[in-house]
Amino acid sequence: QVQLVESGGGSVQAGDSLTLSCTLSGYNHRPDCLGWFRQGPGKEREGVAAIDPVGHSTLYADSVKGRFTISRDNGGNTVYLQMNSLKPEDTAMYFCATRYFGCSIERGGYNFWGQGTQVTVSS
């Protein structure tokens with residue numbers, strides 16, 4: 001069974017930084033892509049960033065470009081989301097997920113999801 005476990009969420013003030021981690025295990029086939037998604041109050045789940053767990057290719061939503069950095073280590077089984085200059089609008093549950101057959105920050109095509117970790121940013 002594919003398992004994804006997120007950690008690192010918390011409550012911070014605007015302008016602060018936070019790093020999220022996601023550990024992947026139990027897969028039979030290595031995913032082509034690991035993505036970070038978020039869902040704020042009253043909003044749809046949206047893609048934040050994605051990375052090829054083996055290579056270096058990355059994708060970012062326009063709303064986080066220049067502030068967030070996605071990276072991986074542990075042979076591609078751990079993915080991080082370094083979040084800088086956090087804004088109140090970044091408040092959301094953050095989820096990591098796996099995708100096969102290419103990499104995208106669109107929700108469609110992601111097969112497995114973690115339980116999420118809450119990020120709250122106050123003014």
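The aromatic rings of Phe68 and Tyr94 are tilted relative to each other, their planes meeting at an angle between 30° and 60°.
Taken to the nearest 0.5 Å, the CD atom of Gln118 stands 7.5 Å off from the OG1 atom of Thr91. Separating the CD1 atom in Ile105 from the CZ atom in Phe37 is a distance of 8.0 Å, to the nearest 0.5 Å. Residue Ser123 holds its OG atom at 12.0 Å from NZ of Lys87, rounded to the nearest 0.5 Å. A distance of 10.5 Å separates SG of Cys96 from CG of Leu81, quoted to the nearest 0.5 Å. Considering NE2 of His29 and OH of Tyr100, their distance stands at 8.0 Å, rounded to 0.5 Å. Distance OG1/Thr117 to CE/Met93: 6.5 Å, rounded to 0.5 Å.
By the 4.5 Å heavy-atom criterion applied to side chains, Tyr27 and Asn77 are counted as neighbours. The shortest distance between side-chain heavy atoms of Arg72 and Leu34 does not fall below 4.5 Å.
Proximity of a side-chain donor or acceptor of Arg107 to a complementary backbone N or O of Arg45 within less than 3.5 Å is detected. With hydrogens and angles ignored, the 3.5 Å screen pairs no side-chain donor or acceptor of Arg99 with any backbone N or O of Cys33. In this structure, the side chain of Tyr60 engages the main chain of Ile70 through a donor-acceptor pair within 3.5 Å. Checked by atom type and distance alone, the side chain of Gln115 pairs as donor or acceptor with a backbone atom of Glu6 at under 3.5 Å.
For residues 25-38, the salt bridge (charged side-chain N to carboxylate O under 4.0 Å, His left out) pairs, not counting sequence neighbours, are Arg38-Glu46, Arg38-Asp90.
When every heavy atom of Ser104 is checked against every heavy atom of Glu106, the shortest pair comes out as OG-N, 2.9 Å. Smallest separation of non-hydrogen atoms from Cys103 and Asp52: SG-N, 4.3 Å.
Met83 is connected to Val121 through a chain of hydrophobic side-chain contacts under 4.5 Å among Ile, Leu, Val, Met, Phe, Trp and Tyr, so both are in one cluster.
Within a 6.0 Å sphere centred on CD of Glu89, heavy atoms belonging to other residues, nucleotides or ligands number more than 12.
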Begin with the C-alpha distance, continue with both residues' side-chain angles, and end with the deciding distance and a verdict on side chain to side chain donor-acceptor pair (under 3.5 Å) for Gln82 and Thr19.
CA-CA 4 Å; Gln82 173 67 49; Thr19 300; 2.3 Å; yes
